[in-house]
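Take a look at the structure set out below.
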Amino acid sequence: MATQAISFSNNSEEYPINLNEKLIQSILACREYLLGLCSCCYTYKGSDHPLHRCSGCQLLAYCSKECQKTDWGLHKPVCKQLPIQNGQNVLSEVQKLKKEVRKKHIEALKAKISFALTSNRHINAECSNIEIEEEVAFNTYHKFAEDMIEWGRVCNICKEARVDKLTDCNCHTVSYCSEVHRKADKAHREECHDLLVFARTFSYIHKNENDLNLPMNNEVDKEYQRLTRMEFNVSSMKDEWLDAKLAILSERLSHPLTILFAMQESGLGTNKTPVESVSSLNIHVVSPMPMLDSNMWEMIVHRLPQLEELNISFIGCRMEVVNRLNIDITNRLERCKDCKLRDRVITYNIHPEHYHMYFSSMEYSEPDVIAVFNNKEMSQNEDDNVHAITSYRNMTYDEDTLIILTDSDCDELKEGIRVINEARPVDVIMPAQNNPFRGFSSVRGPISKPIINVRDFMACIRRR
């Protein structure tokens, strides 16, 4: 695949990101099933916005007839596959089945819904030309409908599903048929706050789209200050969405701060040069979801006063250039006033391909640091495994290169280190540990692990 480069330097004040309108719409149309929010506009239930359940399936709720009407074109084929049975939604009896049997029934329901959505889309396509927004909406609704099955509105303890018995938890993601069952659900209490922040964050993004107005601190350090933990000075701020804004900010800042922390603790090169003394850095970020936000990546040069040149290359074989981290994708990558004044050179490059393909290309540049966010993404299946082993050998080509690995699971991270060591022997500079700069995560998983943060754990290695 051809390389797409996005860059700016001394001779270019800013560089616009020109992307297909369809890609831009795909992130804005992103949907999540949150049973305690309006399924169309993601408004919270309140005295001014009481939610009313869909009478056909009782799984979705709307704050107004207008929202229900707007959503009906997508929801109609799904609703017909999930009819009310004996006064309860169809998921009640399914969720009461034993694990293996339940899994088969859920997969069957997902298959029925997928077929219904696809068939309905074809019918609509034959009737008229589907606009970009409509096409994207159909694509994103598949995932939304599958989450309806996974997170369906039933009591989180006994799976009761009669609508008159259920009360939604404050986190807007689970329900209970009684206060007794709410108090009995100790496992959820540990996850409730994170899920509440997740719901509020998604609602905030959906309502504000491009205008996120994050409480960003753009101060430039005159002397290097060691990183200890992620902190925000918000004592004077009064904002009803502050928790959501800080969550979004911490998720984005976690990428550059994780790299900064690793360089601080491990040093650069075999001589372990202190990061605060370097004047140039070449960083490779291996991730399927690159974050194209100069406000965040400039944090590296703002924290390193001696740094004059920063080059960041994003590499990934299943790369989604437009993703939840790039809500401001239509904006420009632009240096701050201080970076312009000091004539700092900052370059961004995108390489949507396997790392070993980039390694063999003319665009390859030797890195000081390689950060692999989500180690398991390297080997999702047998074919990728072959690519991963080759890529790991290329990553460990130079003994001066610091390699940072992150994962949502500590055991998976250790397994990744073992696989890399088999490809080429390495020294573990920083053993697998909790990442103090993991930040918030906007990735919701299955009920067994509601929030998945691929930066939960980190490790650093270098060629032996």
Side-chain angles (χ1 to χ4, degrees), residues 4-10 12-17 19 212 214-221 224-225 227 230 232 248-264 268 275-276 278-316 319-351 365 367-374 402 404 406 435 437-440 454-455 458:
Q4 174 189 2
I6 296 177
S7 63
F8 63 79
S9 59
N10 290 16
S12 176
E13 291 303 316
E14 55 186 27
Y15 194 100
I17 305 176
L19 293 171
L212 293 182
L214 300 179
M216 185 71 186
N217 179 8
N218 288 316
E219 292 183 7
V220 180
D221 292 343
Y224 180 69
Q225 304 291 327
L227 294 172
M230 196 179 293
F232 301 102
I248 297 168
L249 184 60
S250 74
E251 179 172 36
R252 298 182 181 195
L253 279 175
S254 65
H255 295 78
L257 291 184
T258 294
I259 295 174
L260 264 173
F261 178 70
M263 293 190 296
Q264 170 187 284
L268 294 172
V275 65
E276 61 267 30
V278 299
S279 59
S280 66
L281 272 176
N282 189 6
I283 300 174
H284 292 177
V285 178
V286 181
S287 172
M289 301 181 71
M291 181 186 65
L292 305 177
D293 189 334
S294 59
N295 285 328
M296 306 303 156
W297 289 112
E298 275 194 354
M299 181 62 68
I300 294 177
V301 294
H302 290 174
R303 298 303 299 264
L304 300 175
Q306 300 300 316
L307 192 63
E308 298 176 354
E309 183 175 350
L310 174 65
N311 179 65
I312 301 178
S313 297
F314 302 98
I315 305 107
M319 185 177 289
E320 298 176 22
V321 174
V322 182
N323 56 68
R324 67 179 188 282
L325 298 175
N326 292 328
I327 302 299
D328 292 329
I329 195 69
T330 55
N331 291 345
R332 296 171 184 264
L333 288 170
E334 184 176 5
R335 291 174 297 173
C336 69
K337 291 180 180 179
D338 184 79
C339 288
K340 291 178 182 178
L341 183 65
R342 297 187 58 175
D343 211 22
R344 283 170 159 163
V345 178
I346 307 175
T347 306
Y348 301 87
N349 302 284
I350 296 178
H351 305 277
S365 58
D368 299 297
V369 178
I370 302 174
V372 183
F373 289 110
N374 195 6
L402 176 67
I404 307 165
T406 76
N435 178 7
F437 299 94
R438 65 177 67 87
F440 169 76
V454 298
R455 300 170 306 281
M458 67 179 296

Are the side chain of [X] and the backbone N or O of [Y] linked by a donor-acceptor pair below 3.5 Å?
X: Thr406; Y: Asn374; result: yes
X: Arg252; Y: Asn295; result: no
X: Asp368; Y: Asn282; result: yes
X: His284; Y: Ser365; result: yes
X: Ser313; Y: Asn349; result: no
X: Arg438; Y: Ser254; result: no
X: Arg455; Y: Phe437; result: no

Where is the tightest heavy-atom contact between [X] and [Y], given as atom of each residue plus distance?
X: Leu227; Y: Phe261; answer: CD1-N, 3.7 Å
X: Met230; Y: Ser250; answer: SD-CB, 3.5 Å
X: Trp297; Y: His255; answer: CH2-CB, 3.9 Å
X: Met299; Y: Leu260; answer: O-CD1, 4.2 Å

Starting at [atom1] of [X], measure out to [atom2] of [Y] and round the result to the nearest 0.5 Å.
X: Leu257; Y: Ile300; atom1: CG; atom2: CD1; result: 8.5 Å
X: Ile350; Y: Ile312; atom1: CD1; atom2: CD1; result: 11.5 Å
X: Ser280; Y: Glu309; atom1: OG; atom2: CD; result: 6.0 Å
X: Asp221; Y: Arg303; atom1: CG; atom2: CZ; result: 5.0 Å
X: Asn435; Y: Ile404; atom1: CG; atom2: CD1; result: 9.5 Å
X: Glu308; Y: Asp343; atom1: CD; atom2: CG; result: 9.0 Å

Next on the checklist: side chain to side chain contact (heavy atoms under 4.5 Å, CB included) for Val301 and Arg342? Distances and angles first, verdict last.
Outcome noted: CA-CA 11 Å; Val301 294; Arg342 297 187 58 175; over 6 Å; no

Can you find a heavy atom in the side chain of [X] that is under 4.5 Å from one in the side chain of [Y]?
X: Leu304; Y: Leu310; value: no
X: Glu298; Y: Ile346; value: yes
X: Met296; Y: Leu249; value: yes

Checklist entry - Can you list the steps and then say if Tyr224 with Gln306 is a side chain to side chain donor-acceptor pair (under 3.5 Å)? => result CA-CA 9 Å; Tyr224 180 69; Gln306 300 300 316; over 6 Å; no

